[in-house]
Amino acid sequence: MVVLLGMNSVGNSAGKPLPASGITGVYEVTIDTDVSETLISYLTQLGFTQIDKGQLGPDQACSIYGVDSALTS
């Protein structure tokens with residue numbers, strides 16, 4: 001499973017500006033799990049929100065990620 005997440009205001013509830021990290025733009029982060037509901041629940045508690053979901057067949061996943069297995073993202 002690949003989770004596409006967005007940070008919400010929970011992570012910055014004090015309303016203070018976030019420190020400059022030098023990291024900008026959009027990044028793809030992959031986390032492999034067999035229990036997606038548990039992972040999504042955990043990441044939600046850290047202030048993330050699931051914003052999209054999709055699936056790839058084994059051939060597509062292999063060409064993109066080099067993994068010969070279907071995946072849900």
Side-chain angles (χ1 to χ4, degrees):
M1 176 181 157
V2 178
V3 181
L4 180 60
L5 302 163
M7 188 68 169
N8 66 28
S9 61
V10 172
N12 190 18
S13 59
K16 298 176 185 176
L18 296 173
S21 66
I23 300 171
T24 61
V26 177
Y27 294 86
E28 179 179 53
V29 176
T30 61
I31 303 171
D32 183 19
T33 182
D34 290 331
V35 187
S36 60
E37 296 81 14
T38 302
L39 176 61
I40 292 169
S41 174
Y42 174 72
L43 293 172
T44 299
Q45 293 173 37
L46 296 176
F48 291 92
T49 304
Q50 180 179 346
I51 58 174
D52 203 358
K53 185 176 181 178
Q55 295 183 326
L56 294 176
D59 293 339
Q60 291 173 311
C62 189
S63 69
I64 297 170
Y65 299 106
V67 177
D68 190 19
S69 176
L71 66 87
T72 299
S73 68

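Model, not experiment: these values are computed from the prediction.
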Would a 4.5 Å heavy-atom cut-off, applied to side chains only, mark Thr38 and Thr33 as touching?
no

So, do Phe48 and Ile40 sit near enough that their side-chain heavy atoms are less than 4.5 Å apart?
no

Please report the interatomic distance [atom1]([X]) to [atom2]([Y]), rounded to the nearest 0.5 Å.
X	Y	atom1	atom2	answer
Leu43	Gln50	CG	CD	10.0 Å
Lys53	Thr72	NZ	OG1	6.5 Å
Asp68	Ser63	CG	OG	10.5 Å

May I have the step-by-step check of side-chain contact (heavy atoms from CB on, under 4.5 Å) for Ile64 and Leu56, ending in yes or no?
CA-CA 10 Å; Ile64 297 170; Leu56 294 176; 4.0 Å; yes

For Ser69 and Ala61, the nearest pair of non-hydrogen atoms, with its separation, is O-CB, 3.1 Å

Output, in order, the C-alpha distance, side-chain angles, deciding distance and verdict of side-chain contact (heavy atoms from CB on, under 4.5 Å) for Glu37 and Ser41.
CA-CA 6 Å; Glu37 296 81 14; Ser41 174; over 6 Å; no

